[in-house]
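These numbers come from the heavy atoms of this one structure, side chains and all, not from hydrogens, waters or symmetry mates. Lettering of chains follows the sequences in order, A, B, ..., and the numbering in each one begins at 1.
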There are 2 protein chains.
Amino acid sequence: MRISARTQYALGAMLALAVADRPVHAERIAVTQDIPRRFCDNILLQLRRAGLIRSQRGPDGGYWLARPPGEIALADVIRVTEGAEQALRPFSPAAAPLAAIWDRLRSHENALLSEITLADVIASNGHAHPGREAR
Amino acid sequence: MRISARTQYALGAMLALAVADRPVHAERIAVTQDIPRRFCDNILLQLRRAGLIRSQRGPDGGYWLARPPGEIALADVIRVTEGAEQALRPFSPAAAPLAAIWDRLRSHENALLSEITLADVIASNGHAHPGREAR
DNA sequence: ATTATTCCTACTTGTACAGTAGGAATGATA
DNA sequence: TATCATTCCTACTGTACAAGTAGGAATAAT
C-alpha cells in the first residue's frame, strides 16, 4: 500500500473542493492543504485533464468538481495520480502461485477504494467508521 | 500494493528452499529463480540475519529454512526485505479521515499475508485458490 | 594447501518521486 | 484598451531509494 505525496495532495485538494460551494483558487487549496504552491498547480492540472475537476481562468477563476462528491470515488483520484503501475517482473515457476495472491490483494484494495466516495470521507469527519455504510 | 524486486526474489528463494530437502547453494537459487548472482548472495544474507534461514560455509555448504515451510508466512519474508515503511506525511484536517481507511487496507493486507505460508503456496501449485483453506 | 562456498562492507548506477522555473493564455475589471 | 490575477503548459532539477556490482575475508571440506 504505497501512497505517494502527489496522491495524498490530490485527495486533499479534491476534498477541499468537495466541501466548497463555489470555485476555489489554487492558492487557497495550497494553503489549506499544505501543498507547495507550484506543485499544487501541477496536480490540479493533472486532475482537470483527467476530467475530475473543471476550471475557469482569470480573476475570480478557480477549480470545482466535475461531478458531485458522492459520484467520485477515491479510486478515481488515485488512478489519475498513480498512473499505470509498472508490470512486475515475471515469476519463476516456484513463485508462480504468488501472482494469484497479488491479484487478490489488488482487487480487494481496488474494491474498497472504488466504494468510498469523497462524500463518504466528508461525512465521516468525526463520526465512526467511514465508508462502512452504503451511500 | 508495491512489491520490490528484492522482495519478489526473496520469496522465490524461500520457496526454492522450502521444496528442497537439503542445503541449497546460492548459485543454484540464483539460476533457478533467475536472480542476479551477487544480488542473490546479498538477499540470502539479509534473510539469514533476520533468522528466517540458516547457512553453512565451505564446499557442500548452502542454505536451508530455519523453520518448516508451514511456519513461515509470506509476511515474515516481506517484513524483512521491505523494512519499516516510512511514515507518510501528516494529513490536512480535510483529509484526516483517510488515515482510518489506509489503516483498514494495511491491516487487511497484513492479515492475508500473515495467514499464507510457504507451504500453502507450494501446495497451491496447480490447484485452485491458494491460501483459502486453513493450514 | 587448495578450493568452494558463505560472509561482509562499500560502491555504482538507474529510475521515479518531489518540487521548481519561466512564461504563455485567458478573462474580469476599469 | 490597459492591467492584473488567475489558470495553463513544458521542461527542468535535486534527491532518495532501489537494483545491482566489486573486492575480498572467513570458513569448512578434501
Within 6.0 angstrom of Asp34(A) CG, more than 12 heavy atoms from elsewhere |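 Not buried by this count: 12 neighbours or fewer within 6.0 Å.
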
Minimum-distance nucleotide to [X] side chain [options: [options]]:
X: Arg89(B); options: dA18(C), dT6(C), dG24(D); result: dA18(C)
X: Pro59(B); options: dT3(C), dC7(C), dC9(D); result: dT3(C)
X: Arg6(A); options: dA18(C), dT6(C), dT7(D); result: dA18(C)
X: Arg49(A); options: dT10(D), dT21(D), dG23(C); result: dT10(D)
X: Ala5(A); options: dG19(C), dG23(D), dG20(D); result: dG19(C)

For [X] and [N], give me the distance from atom [atom1] to atom [atom2], rounded to whole Å.
X: Arg57(A); N: dA24(C); atom1: CZ; atom2: C1'; result: 8 Å
X: Asp34(A); N: dG19(C); atom1: CG; atom2: C1'; result: 14 Å
X: Leu17(B); N: dT6(C); atom1: CG; atom2: P; result: 11 Å
X: Gln46(A); N: dT7(D); atom1: CD; atom2: P; result: 17 Å
X: Ile43(B); N: dA18(D); atom1: CD1; atom2: P; result: 13 Å
X: Arg48(A); N: dT6(D); atom1: CZ; atom2: P; result: 18 Å
X: Phe39(A); N: dC12(D); atom1: CZ; atom2: P; result: 18 Å
X: Arg37(A); N: dC8(D); atom1: CZ; atom2: P; result: 11 Å

Report which part of the nucleic acid [X] touches: base, sugar-phosphate, or nothing (heavy-atom distance under 4.0 Å, all strands).
X: Arg54(A); answer: nothing
X: Arg28(A); answer: nothing
X: Glu27(A); answer: nothing
X: Arg2(B); answer: sugar-phosphate

With a 3.5 Å cut-off and just heavy-atom distances, do the side chain of Asp41(A) and the base of dC9(D) make a donor-acceptor pair?
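It does not, because no donor-acceptor pair links the side chain of Asp41(A) to the base of dC9(D) below 3.5 Å.
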
Quick check: any donor-acceptor pair below 3.5 Å linking the side-chain of Asn42(B) to the base of dT21(D)?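 Side chain to base: pair found, below 3.5 Å.
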
Determine, stepwise, if the pair Asp76(A) / Arg67(A) fulfils salt bridge (charged side-chain N to carboxylate O under 4.0 Å, His left out). CA-CA 12 Å; Asp76(A) 296 330; Arg67(A) 308 195 299 271; 3.5 Å; yes

Side chain to side chain contact (heavy atoms under 4.5 Å, CB included) with Leu17(A): which of Leu47(A), Ile53(A), Leu118(A), Ile72(A)?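 For Leu17(A), the side chain to side chain contact (heavy atoms under 4.5 Å, CB included) test succeeds with only one of Leu47(A), Ile53(A), Leu118(A), Ile72(A), which is Ile53(A).
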
**Asked** Between Asn110(A) and Ser107(A), does any side-chain donor sit less than 3.5 Å from a side-chain acceptor?
**Response**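 No, no side-chain donor-acceptor pair sits under 3.5 Å.
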
Compare side-chain N and O positions of Tyr9(A) against OP1 and OP2 of dC17(C) and report whether any pair is under 4.0 Å apart.
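Negative; the distance criterion is not met.
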
message = Please determine whether salt bridge (charged side-chain N to carboxylate O under 4.0 Å, His left out) holds for the pair Asp103(B) and Arg106(B), giving the CA-CA distance in whole Å, both sets of side-chain angles, and the decisive distance to 0.1 Å.
response = CA-CA 5 Å; Asp103(B) 272 347; Arg106(B) 240 198 317 275; 2.8 Å; yes

